[in-house]
Amino acid sequence: MEFFNPETVIGTVEALETAIGKIPFPMTLKVIDHLDKGAIHWIAESPLVFIGSGNGGSSIGITLGGGKPGFATADKHSLRVPVSLLDDPSVVRPGTAFGSLFLLPGTDETLRVNGRVAEVRNGEILVRVEECYGHCAKALIRSDFWSVPDENAPLDAADFVGASRFMALATMDANGSADLSPKGDPAGKMASVNEDRIWFADRPGNRRTDSFHNIVTQPQVAAAFLIPGSLHVCRVLGTARMTINETVRARFIVQGKTPALAIAIDINHLELQPSGALSRAGIWPAGEPTHGIKPAQLFLEHTKLNKHKSFGARLASAALSLPGSKSLMEKGLKKDYKDNLY
């Protein structure tokens with residue numbers, strides 16, 4: 001197809017980085033290999049988690065888990081989630097890779113925790129944590145995730161995807177590790193269904209681009225689409241491809257900005273279902289946050305805890321230890337969220 005001819009298809013890391021740039025070094029510094037106090041607090045206050053899990057190759061799935069804050073528990077090296085609070089427990093099995101995204105009501109930043117399922121025992125999933133980091137707020141800001149709920153969501157799967165404003169995308173890398181990334185946009189610009197294919201666009205985020213690097217080497221993906229306020233979720237399994245085709249990218253122009261990349265998921269499975277996790281979590285309407293968590297502080301602490309030993313990493317850690325660094329980071333994040341949403 002013209003969308004995926006050799007001139008427009010993204011089939012290598014080199015082609016991907018030509019289209020959207022390389023991962024900036026500072027973005028790698030906020031990843032830690034355990035859960036610090038800030039991350040454990042975040043998990044304890046979160047009523048909702050998105051989970052992607054698989055065993056590499058062609059097997060990957062996605063589900064939601066939810067309940068009252070504290071339904072998931074954690075310590076430094078492990079995460080525990082009750083099986084009964086997952087929409088689809090079959091997605092998570094012992095030995096599988098695990099990627100997750102924890103949300104806090106009224107907070108636009110999210111927490112990503114990745115690892116591997118050690119065991120499922122006594123009604124609980126035990127995950128050995130391999131990495132943890134905070135994700136920037138842009139996806140939830142673009143989706144207006146915490147706005148007045150939309151209670152009239154369509155009940156046809158394709159129409160639901162077309163009206164969606166948020167997507168959690170689960171991918172796996174060549175080494176069999178899982179990742180789960182948030183995507184957000186206004187209704188009509190988040191995604192569209194064309195026959196047996198779903199399209200969505202790349203948008204500015206934390207610039208790690210893990211999902212797209214994973215798709216280059218392992219194109220099987222899973223996605224969950226949401227309409228804020230609806231207690232349904234549309235789950236998709238399929239094969240992803242990426243293109244720089246101008247015609248496709250033009251479909252997703254917002255605020256005069258054309259995305260650098262368009263992504264297609266060739267659908268293997270599309271299913272719209274009520275979500276018990278969303279119902280139990282009760283995240284809408286969201287009031288002012290009461291958890292006391294400051295995302296900028298968490299990002300700052302994670303950068304200090306990063307074990308990268310390069311000169312650049314040591315220099316960054318030293319700079320972030322200076323008085324006023326938290327205030328500067330908060331101001332920088334606010335400016336980035338305002339100026340670089342699209």
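Positions are given from 1 along the sequence.
Salt bridge Glu195/Arg197: absent, no basic N to carboxylate O contact under 4.0 Å. A salt bridge does not link Asp202 to Lys183: none of the charged nitrogens lies less than 4.0 Å from a carboxylate oxygen. A salt bridge between Lys76 and Asp36 is absent, with no side-chain N of the basic residue lying under 4.0 Å from a carboxylate O of the acidic one. Between Asp185 and Arg165 there is no salt bridge, since no side-chain nitrogen of the basic residue lies less than 4.0 Å from a carboxylate oxygen of the acidic one.
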Note to self: Using side-chain contact (heavy atoms from CB on, under 4.5 Å), reason through Thr239 and Asn268 one step at a time and then give a plain yes or no.
What the structure shows: CA-CA 8 Å; Thr239 304; Asn268 294 332; 4.1 Å; yes
Item checked: Check against side-chain contact (heavy atoms from CB on, under 4.5 Å), Gln255 and Tyr342 -> CA-CA 7 Å; Gln255 297 181 3; Tyr342 294 96; 3.6 Å; yes
Checklist line | Derivation of the side-chain contact (heavy atoms from CB on, under 4.5 Å) call for Asp88 and Arg235 | finding: CA-CA 11 Å; Asp88 184 358; Arg235 292 194 300 167; 3.1 Å; yes
Next item on the list: Would you check, one step at a time, whether the test side-chain contact (heavy atoms from CB on, under 4.5 Å) holds for Ile227 with Phe160?
Entry: CA-CA 8 Å; Ile227 298 175; Phe160 189 96; 3.7 Å; yes
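Distance check, rounded to the nearest 0.5 Å: CD1 of Ile215 to CG of Leu16 gives 9.0 Å. Note: Leu231 CG to Trp284 CH2 = 7.0 Å, rounded to the nearest 0.5 Å. To the nearest 0.5 angstrom, Ile10 atom CD1 is 5.5 Å from Leu261 atom CG. With rounding to the nearest 0.5 Å, the separation of NE2 in His302 from SG in Cys132 is 4.5 Å. The distance from atom CD1 of Ile62 to atom CG of Leu237, rounded to the nearest 0.5 Å, is 9.0 Å. Taking CZ of Phe225 as the reference point, atom CG of Leu270 lies at 8.5 Å (rounded to 0.5 Å).
Note on Ile253: it does not cluster hydrophobically with Ile20, by side-chain heavy-atom contacts below 4.5 Å among ILVMFWY residues. Hydrophobic clustering (ILVMFWY, side-chain heavy atoms < 4.5 Å, transitive): Val129 and Ile40 are in one cluster. A single hydrophobic cluster is seen to contain both Leu341 and Val254, as judged by linkage of ILVMFWY side chains at heavy-atom distances under 4.5 Å, directly or through other members. Put simply, Ile141 and Leu111 are part of the same group of oily side chains (I, L, V, M, F, W, Y) that touch within less than 4.5 Å, one to the next.
Remark: side-chain polar atoms of Arg142 are paired, donor with acceptor, to backbone N or O of Gly184 under 3.5 angstrom. In this structure, Thr110 contributes its side chain and Leu101 its backbone to no donor-acceptor pair below 3.5 Å. Ser100 places a side-chain N or O within donor-acceptor distance of the main-chain N or O of Val113, the cut-off being under 3.5 Å. Between the side chain of His213 and the backbone N or O of Thr209, at least one donor-acceptor pair lies under 3.5 Å. Using a distance-only test at 3.5 Å, with no hydrogens or angles considered, no donor-acceptor pair links the side chain of Ser164 to the main chain of Leu226. Remark: the backbone N or O of Ala118 is not paired with any side-chain donor or acceptor of Arg128 at under 3.5 angstrom.
No side-chain donor-acceptor contact under 3.5 Å links Asn175 and Ser177. A donor-acceptor pair shorter than 3.5 Å cannot be found between the side chains of Ser59 and Gln220. Of the N and O atoms on the side chains of Thr96 and Asn55, not one donor lies less than 3.5 Å from an acceptor on the other residue. Checking Asp75 against Ser78 by side-chain atom types alone, a donor-acceptor pair falls below 3.5 Å. Looking only at atom types and distance, the side chain of Thr107 has a donor-acceptor partner in the side chain of His291 under 3.5 Å away. Inspection of the Asn114 and Glu130 side chains reveals no N or O donor paired with an N or O acceptor under 3.5 Å. Side-chain atoms of Asn214 and Asp179 form no donor-acceptor pair, as typed in the model, at a separation below 3.5 Å.
Under the 4.5 Å side-chain criterion, counting only non-hydrogen atoms from C-beta, Arg112 is in contact with Tyr133. No side-chain heavy atom of Thr171 sits under 4.5 Å from any side-chain heavy atom of Phe212. The closest side-chain heavy-atom distance from Leu298 to Trp42 is below 4.5 Å. For the pair Ile293 and Glu45, the minimum side-chain heavy-atom distance is below 4.5 Å. Side chains of Ile125 and Leu86 form a contact here, defined as non-hydrogen atoms less than 4.5 Å apart. Val216 is listed as a side-chain neighbour of Met242, based on a closest heavy-atom distance under 4.5 Å. Side-chain contact between Arg203 and Met190 is absent, with no heavy-atom pair separated by less than 4.5 Å. The shortest distance between side-chain heavy atoms of Val92 and Ile51 falls below 4.5 Å.
The neighbour count for Asp196 CG, taken as heavy atoms of other residues, nucleotides or ligands under 6.0 Å away, does not exceed 12.
Between Ala286 and Gly106, the closest heavy-atom pair is CB-N, 3.8 Å. Nearest heavy-atom pair, Ala240 versus Ile263, reported as atom, atom and distance to 0.1 Å: CB-CG2, 4.3 Å. Shown here for Leu180 and Gly99, the closest heavy-atom pair between the two residues is CD1-O, 3.8 Å. Closest approach of Ile198 and Ala191 over heavy atoms only: CG2-CB, 4.1 Å. For the pair Leu79 and Ala72, the tightest heavy-atom approach, listed with the atom from each and the gap, is CD1-CB, 4.5 Å. Taking both residues in full, the closest heavy atoms of Asp33 and His77 are given as O-ND1, 4.4 Å, listed atom of the first, atom of the second, then distance.
Taking the six-membered ring for Trp and the full ring otherwise, Phe166 and Phe50 have centroids separated by under 6.0 Å.
Cation-pi geometry between Arg280 and Phe71 is not met at under 6.0 angstrom from the ring centre and within 45 degrees of the axis.
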